[in-house]
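Each remark here refers to the structure printed beneath this line.
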Amino acid sequence: QEQLVASGGGSVQPGGSLRLSCKASGFPFETSNIAWFRQAPGKAREGVSCINQADSSTYYPDSVKGRFIITKDNANNTMYLQMNSLMPEDTAIYYCVATKYPVASVHQMCTTSLRQYYEIWGQGTPVTVAS
């Protein structure tokens with residue numbers, strides 16, 4: 001069974017940090033393209049960090065650039081999202097996602113609005129940034 005299990009969410013004050021983890025199983029993680037998306041109440045889903053496994057390129061939207069870092073640990077089938085300098089507008093449910101198939105570009109990975117672009121989704125972990 002293809003599965004992603006996310007953890008690490010929680011509550012933090014503005015300016016704080018959190019690290020999200022996502023453990024993969026049941027599919028070839030090393031050769032898969034991975035990403036983190038988030039969805040805040042009443043807002044559209046947003047790609048916040050993506051890795052194109054073909055060339056290891058990464059993409060971050062301006063909203064998180066310089067604050068978020070995505071990493072991939074193939075030895076442990078785990079992906080991470082390090083989030084620093086958190087702001088109230090980062091409050092959302094965060095989802096780890098993966099696709100086993102080739103992608104056109106890392107930019108497309110993070111800007112797609114199609115849920116079916118990724119066939120494997122984690123369960124979501126909540127992040128709340130408030131003082």
> Is the backbone N or O of Thr112 less than 3.5 Å from a side-chain atom of Gln108, with the two atoms forming a donor-acceptor pair by type?
Replying inline: no
> Tell me, do Gln3 and Phe27 make a side-chain contact under 4.5 Å, heavy atoms counted?
Replying inline: no
> Could you give the distance from CH2 (Trp36) to SG (Cys96), rounded to the nearest 0.5 Å?
Replying inline: 4.5 Å
> So do Tyr101 and Asn33 actually touch side chain to side chain, heavy atoms under 4.5 Å?
Replying inline: no
> Atom CZ in Arg45, atom OG in Ser113: separation rounded to 0.5 Å?
Replying inline: 8.0 Å
> Where do Ala35 and Cys50 come nearest, in terms of heavy atoms and distance?
Replying inline: CB-SG, 3.5 Å
> With hydrophobic residues grouped by side-chain heavy-atom distances under 4.5 Å, do Tyr94 and Val64 end up in a single group?
Replying inline: yes
> What is the distance from atom OG of Ser49 to atom CD1 of Ile34, rounded to the nearest 0.5 Å?
Replying inline: 9.5 Å
> Who passes side chain to side chain donor-acceptor pair (under 3.5 Å) against Lys65, sequence neighbours left out?
Replying inline: Asp62
> So do Asp90 and Arg67 actually touch side chain to side chain, heavy atoms under 4.5 Å?
Replying inline: yes
> Yes or no on side-chain hydrogen bond (donor to acceptor under 3.5 Å, both in side chains) for Thr99 and Glu119, after CA distance, side-chain angles and deciding distance?
Replying inline: CA-CA 6 Å; Thr99 179; Glu119 69 272 19; 2.9 Å; yes
> Are Thr31 and Gln53 linked by a side-chain donor-acceptor pair shorter than 3.5 Å?
Replying inline: no
>> With heavy-atom distances below 4.5 Å as the criterion, would you say the side chains of Asp73 and Thr71 are in contact?
In response: no
> Glu46 and Ser63: which non-hydrogen atoms are nearest, and at how many Å?
Replying inline: OE2-OG, 2.8 Å
> For the ring pair Tyr118 and Tyr95, is the centre-to-centre distance below 6.0 Å?
Replying inline: no
> Under 3.5 Å, side chain of Thr91 to main-chain N/O of Val129, donor-acceptor pair present?
Replying inline: yes
>> To check you understand the geometry: which heavy-atom pair defines the closest contact between Asn77 and Phe29, and what is its length?
In response: CA-CD2, 3.5 Å
> Same cluster or not: are Val103 and Val48 linked, directly or through other Ile, Leu, Val, Met, Phe, Trp or Tyr residues, by side-chain heavy atoms under 4.5 angstrom apart?
Replying inline: no
> Under 4.5 Å between side-chain heavy atoms, hopping through other hydrophobics if needed: is there a path connecting Leu114 to Leu4?
Replying inline: no
> Once you round to the nearest 0.5 Å, how far does CG of Leu86 lie from OG of Ser17?
Replying inline: 6.0 Å
>> For residues Val127 and Val97: do they belong to one hydrophobic cluster (side chain heavy atoms under 4.5 Å, members Ile, Leu, Val, Met, Phe, Trp, Tyr)?
In response: no
>> Please give me the minimum heavy-atom distance between Ile93 and Pro126, naming the atom from each residue.
In response: CD1-CB, 3.6 Å
> What distance separates Arg38 CZ from Leu81 CG, expressed to the nearest 0.5 Å?
Replying inline: 9.5 Å
> Asn76 and Thr78: side-chain hydrogen bond (donor to acceptor under 3.5 Å, both in side chains), yes or no, with the steps?
Replying inline: CA-CA 5 Å; Asn76 292 297; Thr78 303; over 6 Å; no
>> For Ser131 versus Pro14, what's the shortest heavy-atom pair and its separation?
In response: N-CD, 3.7 Å
>> Determine whether a donor-acceptor pair (N or O, by modelled atom type, separation under 3.5 Å) exists between the side chain of Thr125 and the backbone of Gly9.
In response: yes
> What are the two closest non-hydrogen atoms of Ile51 and Met109, and how far apart are they?
Replying inline: O-CE, 3.2 Å
>> Under a 4.0 Å threshold between the charged nitrogen and the carboxylate oxygen, would Lys100 count as salt-bridged to Glu2?
In response: yes
> Out of curiosity, does Phe68 fall in the hydrophobic cluster containing Tyr59 (side-chain heavy atoms, cut-off under 4.5 Å, transitive links)?
Replying inline: no
>> Once rounded to the nearest 0.5 Å, what's the spacing between atom CE of Met83 and atom CG of Leu20?
In response: 4.0 Å
>> Does the plane of the ring in Trp121 sit parallel, tilted or perpendicular to the ring in Phe37? Use 30° and 60° as the thresholds.
In response: tilted
> Do Tyr80 and Arg19 have side-chain atoms, one donor and one acceptor, less than 3.5 Å apart?
Replying inline: no
